[in-house]
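Owing to the predicted nature of the structure, the values given are computational and were not obtained by experimental measurement. The chain is numbered in sequence order, starting from 1.
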Amino acid sequence: MAQLLYTTEYLYPLQHALFQNLLDQLPIRLQEQVLRYRRWEDAYGCLFGKHLLRMALRRINSPSDLGGLRYSAENKPYFERGPFFSISHSANRVVCFVSEEAEVGIDIEKIGNICPDEFRDQFAPAEWSVIKGSSDPIETFYWLWTAKESVIKGDGRGLGLALPLVDVTGGESVCIDGRIWGLTRVPYFQGYACHLVVEAGGDASNPGLDPALAVEAFEPYELG
């Protein structure tokens, strides 16, 4: 099973000509999607996420112009004949996870100084017990949050799947409405929490993640 995890970090805006060149390589509707963001960090996350996806598609010999990209009624992006992919960005980091054979989800969040109590209603009782019992409740909050969000993104129903119903305290697999997701913590990004999921095809003992999966990092100027 071909699985790819690509990432880039962007600490400052690109020169306008380079940004425009990367933008021009996308279909018009995706260009408009990028330009709708007000914060440059979010616009770049959207732009670079699409280019990381293009690089992954080229690696597995799939069409990479993104013209075949579709969106579900819940706004989940997909290709009708695959591959499966998920993109997430936060602060100055973007990640793109691609699989040829199974549905996937990924979420990354910059660890910041927040009050976990404000999000109490978004966690299952078991998850909240883990947060309150932690020596570092804020960091634990982010790791649990990204685990839950990765499942939500893989499932594809978005707001149709309530966060409190996604309990990720059960180890390396999560079952949602009969679908089993192999859950993996991604510890490679300092200052960030990140999780990914791969649909396990009904077998909880086989989480679906390629044990040879490696993270490939690119500089922004290498994209395109």
Between I180 and S173, the two heavy atoms sitting closest are CG2-CB, 4.2 Å
Common cluster, L22/L57, ILVMFWY with side-chain heavy-atom separation under 4.5 Å | yes
Hey, are the side chains of P27 and D65 touching, using non-hydrogen atoms and a 4.5 Å cut-off?
-> no
May I ask whether L144 and V197 are part of the same hydrophobic cluster, defined by side-chain heavy atoms of I, L, V, M, F, W, Y residues being less than 4.5 angstrom apart, directly or through others?
-> yes
N-O pairing of R59 and E216 below 4.0 Å = yes
Given Q31 and D24, is the side chain to side chain contact (heavy atoms under 4.5 Å, CB included) satisfied, shown in steps?
-> CA-CA 7 Å; Q31 294 183 34; D24 289 343; 4.1 Å; yes
Between L4 and A56 the two heavy atoms that sit nearest each other are CD1-O, 3.6 Å
Is there a side chain to side chain contact (heavy atoms under 4.5 Å, CB included) between F189 and E9 once you walk through the steps?
-> CA-CA 10 Å; F189 311 118; E9 185 179 29; over 6 Å; no
Student check: side-chain heavy atoms of Y192 and V186 closer than 4.5 Å = no
Output for pair (Y6 OH, C96 SG), nearest 0.5 Å, gives 9.0 Å
Quick one: pull up CD in E199 and OG in S99 and give me the separation to the nearest 0.5 Å.
-> 10.0 Å
L5 and L213, any side-chain heavy atoms less than 4.5 Å apart | yes
With a 4.5 Å limit on heavy-atom distance, are the side chains of L23 and L35 in contact?
-> yes
Does a side-chain heavy-atom distance below 4.5 Å link D121 with P164?
-> no
Is a side-chain donor or acceptor of N92 paired with a backbone partner of Y10 at a separation under 3.5 angstrom?
-> yes
Apply the test side chain to side chain contact (heavy atoms under 4.5 Å, CB included) to residues T7 and Y188: give CA-CA distance (whole Å), side-chain angles for both, the deciding distance (0.1 Å), then the verdict.
-> CA-CA 11 Å; T7 185; Y188 303 119; over 6 Å; no
Determine the interplanar angle of the W128 and F123 rings, folded into 0 to 90°, and report it as parallel if under 30°, tilted if 30 to 60°, perpendicular if over 60°.
-> tilted
Using a 4.5 Å cut-off on heavy atoms from C-beta on, say whether the side chain of L26 contacts that of H51.
-> yes
Is it possible for you to say whether F218 and Y221 belong to one hydrophobic cluster, with membership spreading through side-chain heavy-atom contacts below 4.5 Å?
-> yes
Between S72 and G156, what is the shortest heavy-atom contact and its length?
-> OG-O, 4.5 Å
At what distance, to the nearest 0.5 angstrom, does OG1 of T169 lie from NZ of K148?
-> 9.0 Å
Is the distance between the ring centroids of F85 and F79 under 6.0 Å?
-> yes
Nearest 0.5 Å, what's the CG-CD1 distance between N113 and I138?
-> 4.5 Å
Residues passing the salt bridge (charged side-chain N to carboxylate O under 4.0 Å, His left out) test with D136, sequence neighbours excluded, are none
Who pairs with D117 by salt bridge (charged side-chain N to carboxylate O under 4.0 Å, His left out), at least two apart in sequence or on another chain?
-> K132
Mind checking whether F119 and F141 have parallel, tilted or perpendicular rings, split at 30° and 60°?
-> tilted
OG of S90 to CD of E109, rounded to nearest 0.5 Å, is 4.5 Å
Residue pair A126 / D167: nearest heavy atoms and the distance that separates them = CB-OD2, 3.7 Å
For V94 and L52, which heavy atoms make the closest approach, and how far apart are they?
-> CG1-CD1, 3.7 Å
For the residue pair E127 and V130, establish whether any side-chain heavy-atom pair is separated by less than 4.5 Å.
-> no
Is V168 linked to I152 within one hydrophobic cluster, defined over Ile, Leu, Val, Met, Phe, Trp and Tyr using a side-chain heavy-atom separation of less than 4.5 Å?
-> yes
Would a 4.5 Å heavy-atom cut-off, applied to side chains only, mark F19 and P13 as touching?
-> no
Take E103 and K76 through the salt bridge (Lys or Arg N to Asp or Glu O under 4.0 Å) test and state the conclusion after the steps.
-> CA-CA 12 Å; E103 189 64 82; K76 177 182 171 65; 3.6 Å; yes
Output for pair (R29 CZ, L69 CG), nearest 0.5 Å, gives 5.5 Å
Looking at residues at least two apart in the chain, or sitting in another chain, which of them share a side-chain hydrogen bond (donor to acceptor under 3.5 Å, both in side chains) with R157?
-> D155, D177
Kindly check if the number of other-residue, nucleotide or ligand heavy atoms within 6.0 Å of OH (Y71) is above 12?
-> yes
Judged by atom type as modelled, is there a donor-acceptor pair below 3.5 Å linking the side chain of T146 to the main-chain atoms of D107?
-> no
Counting only N and O atoms by type, is there a donor-acceptor contact under 3.5 Å from the side chain of S88 to the main-chain atoms of I108?
-> yes
Same cluster or not: are F97 and F48 linked, directly or through other Ile, Leu, Val, Met, Phe, Trp or Tyr residues, by side-chain heavy atoms under 4.5 angstrom apart?
-> no
Does S150 reach the main-chain N or O of A147 with its side chain, forming a donor-acceptor pair under 3.5 Å?
-> yes
Distance only, no hydrogens: is a donor on one side chain within 3.5 Å (strictly under) of an acceptor on the other, for Q33 and K50?
-> yes
With ring centroids as reference points, do Y44 and Y37 lie under 6.0 angstrom apart?
-> no
More than 12 heavy atoms from other groups under 6.0 Å of CD on E222 = yes
